[in-house]
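As the structure lists them, so they are numbered: ligands from 1, and atoms in each ligand from 1. Values below: all heavy atoms of this structure, side chains included; hydrogens, waters and symmetry mates excluded.
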Amino acid sequence: MLFFISSPRFLSPLKLIFIPKSLFLSVSVLKMELESPTMLVLCGKSSAENELAKVLKTSNTLKLPDNAPINVVLHSENEKLESFQNDAFMIDSYMNSLSTSRIGKFLIYSPKLSSTHDVVSHNFCELPIGTACIADVQLKGKGRSKNVWESPKGCLMFSFTLQMEDGRVVPHVQYVVCLAMTEAINDVCLRNGIPPLNVRIKWPNDLYLDGLKVGGILCTSTYRSKKFNISAGIGLNVSNEKPTTCLNAVIQRLISNTYQLQREDIVTAFFNKFENFYDIFINQGFQALEELYCKTWLHSGQRVIVQEKNENHDQISENVVTIQGITTSGYLLAVSEDGQECELHPDGNSFDFLKGLVRRKLV
Ligand SMILES: O=C(O)CCCC[C@@H]1SC[C@@H]2NC(=O)N[C@@H]21
């Protein structure tokens, strides 16, 4: 198929470009998918949350970015009407295993949406704190630093909301999220007789298994009415081997077991763990979790090179420092060879956060 494209920004006035038919078809399928209304299924753990679900539906309160069309449905009404595919997220199984007092009790589920992160951040003020949004597929999954998060079926993808008053500890929330997820995976494995998978944290918020990234955490915040509104999003490759590897492929390889981890079990174990860790974090500070965090990350004792310009900015020296933990402001705590403690900041230019670190001496 041939198309005339005449965008002055990219091409000289008229150019013929060959677009394969298959690409043309997939672009139009994507366009259709984006234009058909996004189904959002609302469900609460208790009657209070289910009442709120009704109000949100009747008042058409929920919105998507760009005012994309939405079809809001109540899970209680939907059970008989709509049958999702067999691999759809099982809301009842999720609600039955959830034992939190706040987090995850109001759920927005969608078989396919643009991004769970968009849903919770766009509707933050209309939703109870702790609301979770879970999707089977995302069409515009977001990663950190404007990266795209590949979001196929089998990947556990969800976002939830939090609110904090003390801005000094906001940077640590992402570490609590990472830790709760690694501990949740351990719990689910243990409960099902599977040896721990050894999912590790790569600072600041990646999850690694066997040297490959299996998960990522995205935390964003806005400041409003003296409070930090936080949206935390997690993507975890549970059954999708692409683009890297996934938990179930590793389980099969390691123990040739037919048991498969379920997204519902992992996400409820996560919320149960997270709520507990979050209370510890708010009441006692991140130090109370730091030992467990440092056992789980990949960096204790890791030696990294920091580059520093001299006072005239004409020479760069390289120094080796050893990573020790996390500072009170949420950066890497390291010690130089002369015993001086310092804080390491990413320079913002490198894809790998541990490259191009900038050192600030701690007094
Ligand atoms: O590794 C990263 O860069 C973070 C990836 C975060 C992906 C999750 S998937 C659920 C939530 N919705 C999004 O659009 N992004 C996060």
Protein contact of atom 5 (C) of ligand 1 - nearest heavy atom, named by residue and atom, plus distance: Trp149 CE3, 3.5 Å

Nearest non-hydrogen contact to atom 14 (O) of ligand 1 from the set His117, Lys142, Lys146 belongs to Lys142

Going by the angle between their ring planes, with limits at 30° and 60°, are Tyr175 and Tyr293 parallel, tilted or perpendicular? tilted

Ligand-residue contact atoms, ligand 1 with Gly141, heavy atoms, under 4.0 Å: 14 (O)

Interfacing atoms of ligand 1 (cut-off 4.0 Å, heavy-atom, Gly235): 7 (C), 8 (C), 9 (S)

In terms of relative ring orientation, are Phe274 and Phe270 parallel, tilted or perpendicular, with 30° and 60° separating the classes? parallel

With heavy atoms only and a cut-off of under 4.0 Å, state how Asp118 meets ligand 1: side chain, backbone, both or neither. neither

Side chains of Asn50 and Ser76: any donor to acceptor distance under 3.5 Å? no

Taking only non-hydrogen atoms of Gly143 and a 4.0 Å limit, the atoms of ligand 1 in range are 2 (C), 3 (O), 4 (C), 5 (C)

Quick note on ligand 1: atoms under 4.0 Å from a heavy atom of Ser159 include exactly 11 (C), 12 (N)

For the residue pair Phe158 and Phe160, categorise the inter-ring angle as parallel (less than 30°), tilted (30 to 60°) or perpendicular (more than 60°). parallel

Number the atoms of ligand 1 from 1 as they appear, then name those within less than 4.0 Å of a heavy atom of Ser115, with their elements. 12 (N), 13 (C), 14 (O)

Under 3.5 Å donor-acceptor, Glu264 side chain and Met95 backbone: no

To check your reading of the model: name the closest protein heavy atom to atom 3 (O) of ligand 1, its residue, and the distance in Å. Arg144 N, 2.7 Å

N-O pairing of Glu77 and Lys54 below 4.0 Å: no

For ligand 1, which atoms sit closer than 4.0 Å to a heavy atom of Asp206? 1 (O)

Short N-O contact, Arg263 and Asp87, less than 4.0 angstrom: no

Inter-residue atom distance Leu62.CG - Leu42.CG, 0.5 Å rounding: 6.0 Å

Under 3.5 Å side-chain donor-acceptor pair for Glu126 and Thr61: no

What protein heavy atom lies closest to atom 1 (O) of ligand 1? Include the residue and the distance to one decimal. Lys213 NZ, 2.6 Å

I need the atoms of ligand 1 closer than 4.0 Å to a non-hydrogen atom of Thr116, numbered in the order shown. 10 (C), 11 (C), 12 (N)

Within less than 4.0 angstrom of ligand 1, does Ile217 place any heavy atom? yes

